[in-house]
Amino acid sequence: MNVLIDNSELFLTGFKNTGILFIISAFFALILGTIVAGMRVSPAPAMRAAGTFYVNAVRNTPLTLILAFFALGYPQLGLPQISFMNAAIVGLSLYTATYVCEAIRSGINTVSVGQSEAARAIGLPFIPTLTLIVLPQAFRSVVPPLFSVFIALLKNTTVAAGFSVLEAGAIRAYLSERGEPLLPGLLWVALIFILLVLGILSPLQRYLEKKWKVAR
C-alpha cells in the first residue's frame with residue numbers, strides 16, 4: 001500500500017493517460033473498423049480487395065512495430081510532427097480497427113441475406129442497405145467479441161510505454177528510478193487493470209447485451 005500512496009501522482013498520471021489512449025483509440029478503431037467491414041462485404045471487388053489487404057497487412061504486423069513506425073519512422077518522412085501520445089493513438093487505432101472489422105463482419109454474416117435482397121428489391125443501394133438495415137442488427141450480435149477487442153486494446157496501451165508515453169506500462173520504470181520496490185508496484189498496476197475490466201468494461205458489456213438482446 002505504501003508504494004501506491006507514496007507514488008499516487010505517478011499512478012494517477014499513468015492511468016489517466018492510459019484512459020485517454022484507450023477511449024480515443026477505441027473511438028477511432030470502432031469507426032475505421034466499421035468502414036473496413038463495409039468494404040469487405042462490398043459488391044465492388046476493388047473495395048473488398050482493399051479491405052482485405054488492410055486487415056491482413058496490419059493485423060499480422062506486431063503492434064510494437066506499428067508504434068515504432070509512428071514514433072520513429074514517421075518523423076523522418078517530413079510530414080507535420082505529432083506528439084508521442086498522438087502517434088500511439090494513431091497506431092493503436094489502426095491496429096485495433098482490424099480486429100473490430102472482423103468482429104463486425106462476423107455480425108454482418110449473421111444477418112439474413114433475404115433482408116439485403118428485399119432492400120435491393122425496393123431500390124435501396126448498397127450503403128443505405130448496410131447502414132440502415134444490416135449494421136444495426138450486426139452490432140447487436142457482436143457485443144461480446146467487440147468488448148473482447150476493447151479489453152485487449154486496454155492492455156495493449158501498455159506497449160506505448162516503450163515509446164516515451166507516460167501511461168500505466170511506464171510506471172515500473174519510474175518506480176525503478178525512484179528506488180521503490182518493483183513487485184508491489186507491478187501488482188498494483190495489474191490490480192487496477194483488473195478493476196478497470198471488471199468494474200467498467202464488463203458491466204457495460206452486460207448492460208449492452210441485455211439492452212440489445214436479440215430475440216431467438
Side-chain angles (χ1 to χ4, degrees), residues 19-61 63 66 70 82 86-157 196-216:
I20 293 172
L21 279 173
F22 171 74
I23 292 172
I24 299 178
S25 299
F27 174 76
F28 285 113
L30 183 61
I31 293 175
L32 179 59
T34 303
I35 293 172
V36 178
M39 293 172 61
R40 295 208 65 186
V41 297
S42 168
M47 298 291 283
R48 291 199 305 272
T52 301
F53 174 79
Y54 169 73
V55 169
N56 289 336
V58 176
R59 188 174 58 169
N60 293 310
T61 301
L63 176 59
I66 294 175
F70 284 103
I82 58 176
N86 290 335
I89 289 172
V90 173
L92 286 167
S93 300
L94 292 175
Y95 182 78
T96 306
T98 61
Y99 292 92
V100 171
C101 165
E102 292 303 278
I104 294 176
R105 189 167 70 95
S106 69
I108 291 174
N109 291 334
T110 66
V111 179
S112 172
V113 177
Q115 297 192 39
S116 299
E117 293 175 345
R120 287 195 295 270
I122 62 174
L124 274 182
F126 170 71
I127 292 180
T129 299
L130 183 69
T131 56
L132 298 177
I133 297 173
V134 177
L135 283 178
Q137 299 178 74
F139 273 111
R140 294 172 65 183
S141 64
V142 298
V143 172
L146 269 182
F147 270 84
S148 294
V149 170
F150 291 143
I151 289 171
L153 169 62
L154 178 63
K155 294 182 288 185
N156 284 342
T157 58
L196 289 174
V197 172
L198 297 182
I200 298 177
L201 293 181
S202 293
L204 180 58
Q205 174 185 334
R206 288 193 295 270
Y207 169 77
L208 293 178
E209 281 187 282
K210 184 177 179 180
K211 183 177 179 64
W212 295 342
K213 185 178 180 180
V214 179
R216 300 294 183 184

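In this structure, Thr157 contributes its side chain and Leu154 its backbone to a donor-acceptor pair below 3.5 Å. A donor-acceptor pair under 3.5 Å is absent between the side-chain atoms of Glu102 and the main chain of Thr98, judged by distance alone. At least one donor-acceptor pair closer than 3.5 Å links the side chain of Ser202 to the backbone N or O of Val197. Listed for the Ser148 side chain is a donor-acceptor partner under 3.5 Å among the backbone atoms of Pro144. Distance alone, capped at 3.5 Å, is enough to place a donor-acceptor pair between the Ser141 side chain and the Ala138 backbone.
Note: Ile151 CD1 to Phe22 CZ = 8.5 Å, rounded to the nearest 0.5 Å.
Of all heavy-atom pairs spanning Ala37 and Arg105, the tightest one is CB-N, 4.2 Å. Minimum interatomic distance between Leu63 and Gly91 (heavy atoms only, all atoms of both residues): CD1-O, 4.3 Å. The heavy-atom pair separating Gly33 from Val100 by the smallest distance is CA-CG1, 4.0 Å. Residues Ser106 and Thr110 approach most closely at O-CG2, 3.2 Å, considering heavy atoms.
The number of heavy-atom neighbours closer than 6.0 Å to CG of Leu198, taken from other residues, nucleotides and ligands shown, is above 12. Taking a 6.0 Å sphere around CZ of Phe126, one finds it holds more than 12 heavy atoms contributed by other residues, nucleotides or ligands.
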Exercise. Show your reasoning for whether side-chain contact (heavy atoms from CB on, under 4.5 Å) applies to Tyr54 and Leu94.
Key: CA-CA 9 Å; Tyr54 169 73; Leu94 292 175; 3.8 Å; yes
